[in-house]
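Have a look at the structure below before the remarks.
Just so you know, these numbers come straight off a predicted model, no measurement behind them.
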Amino acid sequence: SDILNVKCEVIVNAAKNDLLGGGGIDGIIHAKAGIELQNKCRALPVKGKDEKGFDIRCHTGECEVTDTDRTNLVNDFRYVFHTVGPDCRKENDMNLNAKRLKSCYENVVQKVLEKDVKTIAFCCISTGVYKYPRKDAAKIAYETVTSWLEKNHQSVEKVIFCTFEKDDYDAYIDLHDAHVPKSSVIINDDTSNDLSSYNPTEHFPVPSTSNTNESDSVSNLSRSEIYN
């Protein structure tokens, strides 16, 4: 699915260290948003220089936030959360890459709390030109986010893993089937990209704000979604 067609408050951008746009989903988001998103990114503090002398505004594994005011982003988007995943073409230590990729997701969900947003859509971080193995990346993404949800499920209404490649989609489905009873899984095999009519509360009750227990957490986890 096209992440730009998903209705939510936050979309996650797999960015470069300079945050000024690049290829893949990074370029797609910047192209849709227009120059104002790049201006917002350029205004963020520069933290250093890379080996080629380019500005670093976001180190690998970190997350920086820009709002969507005066951009062309629609669908109720309030923020873009920019995170920089590990580049497996440059770093061969996959243990280090795994730690950095996990940090991407940890720092993104921390920003969910800081910005008090309820709905967020993740792209697949580092699995494109950065060549992170898709199944391994999906496992880190899914386990990191669901672990966070177990502790913070009352703070969020919907988490979307928005995939584009079939291999990514299949990897998330396998992880979701293993984690959540199949009768509770939401699968949006949406080739039309029209998600505007989808209402998760038609499928799952919103967990009660009182008497929180493990079943509430599982109910919330089952409302994480996978779009293809």
Side-chain angles (χ1 to χ4, degrees), residues 1-6 8 10-44 46-68 71-75 77 79-94 96-98 100-105 107-108 111 120-141 160-172 190-191 193 226-228:
S1 179
D2 182 353
I3 197 171
L4 294 172
N5 285 341
V6 175
C8 60
V10 174
I11 53 173
V12 177
N13 179 27
K16 298 191 307 177
N17 295 109
D18 64 7
L19 301 186
L20 299 183
I25 191 62
D26 190 18
I28 291 170
I29 291 173
H30 273 272
K32 175 65 176 179
I35 192 63
E36 187 60 29
L37 181 63
Q38 188 179 92
N39 291 340
K40 290 174 183 290
C41 290
R42 197 180 297 276
L44 293 171
V46 174
K47 301 176 180 180
K49 301 283 186 180
D50 66 13
E51 67 277 5
K52 294 183 178 180
F54 293 109
D55 291 339
I56 295 174
R57 294 178 177 83
C58 183
H59 289 289
T60 302
E62 294 181 344
C63 176
E64 297 292 340
V65 177
T66 56
D67 62 46
T68 60
T71 73
N72 297 324
L73 295 173
V74 292
N75 286 0
F77 299 144
Y79 299 104
V80 180
F81 287 5
H82 309 265
T83 189
V84 181
D87 188 343
C88 297
R89 303 169 304 174
K90 297 180 179 179
E91 177 55 67
N92 295 322
D93 185 344
M94 290 307 295
L96 177 59
N97 287 335
R100 288 175 171 173
L101 185 59
K102 183 178 181 181
S103 291
C104 288
Y105 289 94
N107 284 317
V108 166
K111 296 293 186 182
I120 182 170
F122 286 92
C123 63
C124 298
I125 301 166
S126 284
T127 58
V129 69
Y130 284 4
K131 301 298 183 184
Y132 205 107
R134 295 181 185 278
K135 288 186 177 180
D136 294 342
K139 187 173 188 293
I140 290 171
I160 300 167
F161 295 104
C162 191
T163 66
F164 185 76
E165 298 290 344
K166 186 177 185 302
D167 287 346
D168 291 319
Y169 178 73
D170 290 343
Y172 278 97
D190 182 27
T191 55
N193 289 330
I226 303 165
Y227 290 152
N228 184 40

Dump the intermediate steps for side-chain contact (heavy atoms from CB on, under 4.5 Å) on Thr71 and Phe77, then the final yes or no.
CA-CA 10 Å; Thr71 73; Phe77 299 144; over 6 Å; no

Donor-acceptor pairs under 3.5 angstrom involving side-chain atoms of residues 27-38: please list them, not counting sequence neighbours.
from: Glu36; atom 1: OE2; to: Arg70; atom 2: NH2; distance (Å): 3.1
from: Gln38; atom 1: OE1; to: Arg42; atom 2: NH2; distance (Å): 3.0
from: Gln38; atom 1: NE2; to: Leu20; atom 2: O; distance (Å): 3.0

Measuring from atom SG of Cys123 to atom CG of Leu4, what distance do you get when rounded to the nearest 0.5 angstrom?
10.5 Å

Residues which pass side chain to side chain donor-acceptor pair (under 3.5 Å) with Lys47, listed by chain and number, not counting sequence neighbours
Glu62, Glu64

To check you understand the geometry: which heavy-atom pair defines the closest contact between Cys41 and Arg57, and what is its length?
O-CD, 3.1 Å

Enter the distance from Leu101:CG to Ile140:CD1 here, rounded to the nearest 0.5 Å.
4.5 Å

Verdict with reasoning, Val84 to Ile56, per side-chain contact (heavy atoms from CB on, under 4.5 Å):
CA-CA 11 Å; Val84 181; Ile56 295 174; over 6 Å; no

Please identify each residue that fulfils side chain to side chain donor-acceptor pair (under 3.5 Å) with Asp67, with sequence neighbours left out.
Lys40

For Lys102, side chain to side chain donor-acceptor pair (under 3.5 Å) partners two or more places apart:
none

Any donor-acceptor pair under 3.5 Å linking the side chain of Asn107 with the backbone of Gly61?
yes

Sequence neighbours excluded, which residues qualify as salt bridge (charged side-chain N to carboxylate O under 4.0 Å, His left out) partners of Asp170?
Lys166

Indicate every side-chain donor-acceptor pair of residues 124-138 with a distance under 3.5 Å to a residue at least two apart or in another chain.
from: Ser126; atom 1: OG; to: Pro86; atom 2: O; distance (Å): 2.9
from: Arg134; atom 1: NH1; to: Asp168; atom 2: OD1; distance (Å): 3.3
from: Arg134; atom 1: NH1; to: Asp168; atom 2: OD2; distance (Å): 2.6

Check side chain to side chain donor-acceptor pair (under 3.5 Å) between Ser103 and all other residues, then give those that pass, not counting sequence neighbours.
none

Restricting to pairs with a member in residues 14-27, which pass side-chain hydrogen bond (donor to acceptor under 3.5 Å, both in side chains), not counting sequence neighbours?
Asn13-Asp26

Can you tell me how far the NZ atom of Lys49 sits from the CG atom of Asp55, to the nearest 0.5 Å?
3.5 Å

With Arg100, which residues qualify under salt bridge (charged side-chain N to carboxylate O under 4.0 Å, His left out), at least two apart?
none

Nearest heavy-atom pair of Ile3 and Ala121: which atoms, and what distance?
CD1-O, 3.7 Å

Distance-minimising heavy-atom pair for Met94 and Asn97
SD-ND2, 3.3 Å

Salt-bridge present (Arg89, Asp87; N to O < 4.0 Å)
yes

Would you call Cys58 and His82 a side-chain contact if the rule is heavy atoms closer than 4.5 Å?
no

Measuring from Ile11:CD1 to Asn75:CG, what's the distance to the nearest 0.5 Å?
9.0 Å

Residues at least two apart in sequence or cross-chain that pass ring-ring contact (aromatic ring centres under 6.0 Å, His included) with Tyr105, listed by chain then number, are Phe122

